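Notes for the one structure printed next.
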Amino acid sequence: MNEPRPHALFSFGTLLDERVQRTLFGRAVPRTPDALAGHTTRSLRITDPEVVATSGLDVHLTLERRIGAEVRGAVLHLTDADLAAADAYEVDDYVRRRVRLSSGASAWAYLDARPLRPASRIVIVGDSIAYGRCDPRGGWAARLAAGHIARNETDHRVFNLAVPGATLAEVAEQTPALLPARLPDTLVVAAGINDAAAAGAGDGPARWEESLDALAATARAHGARLVVVGPLWLDEDRAPRYDGLSFTRARAAALRESLRSWTTAHHVDHLDLWEPLRDRPDLLADGLHPTPEGHDLLHRHLVDTAL
């Protein structure tokens, strides 16, 4: 008979309390001391009465990014059932994501459900939509950068390294060399029109997922949180024609579904930009690239869902 496979879960808060563990898991669980570098904590008020009753606290801790800081805690060794119980205990303000610990080990941890709110240093990679083509103000990425830096001009940085025409495969190949000097804690990958349009042999879900696997490994190597953004709805009747590229809504929708499936399966954040511009061809300059007003709408959507 096979023993249940243990899960490593890094905790720095109420899950370390043996009273909470006995309530959730029926016992105190094994633990190993460890720490999470590049993070600090802030308070989060809890309103769920069951969680408050279990922990005895209406204020818990959540993580924020900060270079040079370290959060000490322990790795809990959990069964499948334990992990499911921990997921049920955590309120909607948290999501379970992979982190790299100070020991070098990989573990689950409960992070802020809004992936850009705790970020400090953000790198954006992607294509011409993330670059801001057709918008003199630099698109949604420039608006995001302005707001992010305004919150903390000393410590916050945004590096927009998007390249017009890039596909996910090209981004996955180029990104590792771009990150060391920028010390990112968050890697935003904008997947869009070029991946949806490439219709040649080998292009499609398998290739997209292979590229996302590589980008996830790159993010982990730098202790960065991976956030996948896109794609956008497109107006295929007005989309430009290029050799080897076919801009169709069906292929864009297939990319969207592939991104959603991959991010769900890998516990990675996905910021879906499809709905804000759906059936709004007036907000697309050429059927593909948003107008300044379109980028305003995308930015407001990102603020509402990720910040």
Side-chain angles (χ1 to χ4, degrees), residues 38 65 67 97-98 100 115-135 137-149 156-198 203 205 207-232 245 252 255-256 258-260 262-263 266-274 288-290 295 298-299 301-302 305-307:
R65 300 306 299 251
I67 290 178
R97 298 291 183 254
R98 281 282 177 191
R100 188 181 64 176
L116 301 182
R117 181 163 53 186
S120 179
R121 300 174 67 88
I122 301 172
V123 166
I124 300 171
V125 293
D127 57 20
S128 56
I129 293 175
Y131 175 81
R133 183 178 171 189
C134 297
D135 178 15
R137 293 169 54 200
W140 63 259
R143 292 160 176 75
L144 176 70
H148 183 70
I149 294 170
H156 283 190
R157 296 288 183 270
V158 177
F159 305 94
N160 187 356
L161 307 181
V163 177
T167 63
L168 271 175
E170 291 167 337
V171 169
E173 180 179 356
Q174 296 162 3
T175 297
L178 302 175
L179 299 188
R182 294 170 174 91
L183 302 176
D185 57 56
T186 304
L187 176 62
V188 175
V189 175
I193 54 174
N194 301 302
D195 296 285
D203 295 308
R207 180 68 179 273
W208 301 335
E209 293 177 6
E210 178 183 332
S211 299
L212 290 169
D213 288 341
L215 285 161
T218 296
R220 284 195 302 272
H222 290 271
R225 183 171 182 174
L226 178 63
V227 181
V228 179
V229 176
L232 275 61
L245 298 179
L255 172 62
R256 181 191 186 203
S258 184
L259 295 181
R260 288 198 295 194
W262 185 91
T263 53
H266 291 79
H267 291 266
V268 168
D269 300 283
H270 178 215
L271 303 178
D272 189 1
L273 296 185
W274 187 270
L288 300 177
H289 299 92
H295 278 290
L298 293 174
H299 176 242
H301 178 74
L302 288 172
T305 56
L307 284 167

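The chain is numbered in sequence order, starting from 1. These figures come from a predicted structure and were not determined experimentally.
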With sequence neighbours excluded, residues passing side-chain contact (heavy atoms from CB on, under 4.5 Å) with [X]:
| X | result |
| --- | --- |
| Ala306 | Pro115, Leu116, Leu271 |
| Arg260 | Arg256, Glu257, His270, Asp272 |
| Ala252 | Ala196, Leu234, Trp274 |
| Pro164 | Ser128, Tyr131 |

By salt bridge (charged side-chain N to carboxylate O under 4.0 Å, His left out), which residues pair with Arg121, not counting sequence neighbours?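 By the salt bridge (charged side-chain N to carboxylate O under 4.0 Å, His left out) rule, Arg121 matches no residue at all.
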
Quick one: [atom1] on [X] to [atom2] on [Y], what's the gap to the nearest 0.5 Å?
| X | Y | atom1 | atom2 | value |
| --- | --- | --- | --- | --- |
| Leu179 | Gln174 | CG | CD | 12.0 Å |
| Ile122 | Arg157 | CD1 | CZ | 12.0 Å |
| Glu210 | Leu215 | CD | CG | 11.0 Å |

Heavy-atom distance under 4.5 Å between the side chains of [X] and [Y], does that happen here?
| X | Y | result |
| --- | --- | --- |
| Leu232 | Leu298 | yes |
| His295 | Arg143 | yes |
| Pro290 | Asp135 | no |

message: Between His289 and Ile129 (side chain of the first, backbone of the second, donor and acceptor by atom type, cut-off under 3.5 Å), is there such a pair?
response: no

- Residues which pass side chain to side chain donor-acceptor pair (under 3.5 Å) with Asp185, listed by chain and number, not counting sequence neighbours: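 Checked Asp185 against side chain to side chain donor-acceptor pair (under 3.5 Å); zero matches.
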
Tightest non-hydrogen contact, residues Leu259 and Gly230, listed as CD1-O, 3.3 Å

Nearest heavy-atom contact between Arg182 and Leu178 is NH1-O, 2.7 Å

Legend entry - Polar side chain donor-acceptor pair, Asp213 to Trp262, under 3.5 angstrom: yes

Show your working on side-chain contact (heavy atoms from CB on, under 4.5 Å) between Leu144 and Val158 and close with a plain yes or no. CA-CA 8 Å; Leu144 176 70; Val158 177; 5.5 Å; no

With Ile124 as partner, the option from Leu187, Val189, Val188, Val229 fulfilling side-chain contact (heavy atoms from CB on, under 4.5 Å) is Val188

In a table with atom names and distances, give each donor-acceptor pair under 3.5 Å that connects a side chain of residues 220-227 to protein atoms at least two apart or in another chain.
residue : atom : partner : partner atom : Å
Arg225  : NE   : Asp269  : OD2          : 2.7
Arg225  : NH1  : Asp112  : O            : 3.1
Arg225  : NH2  : Asp112  : O            : 2.9
Arg225  : NH2  : Asp269  : OD1          : 3.1
Arg225  : NH2  : Asp269  : OD2          : 3.1

Which donor-acceptor pairs under 3.5 Å do the side chains of residues 166-173 make with protein atoms, sequence neighbours left out?
residue : atom : partner : partner atom : Å
Thr167  : OG1  : Glu170  : N            : 3.3
Glu170  : OE1  : Thr167  : N            : 2.9

Notebook entry, point to check: Quick one: ring pair (Phe, Tyr, Trp, His ring centres under 6.0 Å) partners of His299, sequence neighbours excluded?
Noted result: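 So His299 forms no ring pair (Phe, Tyr, Trp, His ring centres under 6.0 Å) with any residue.
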
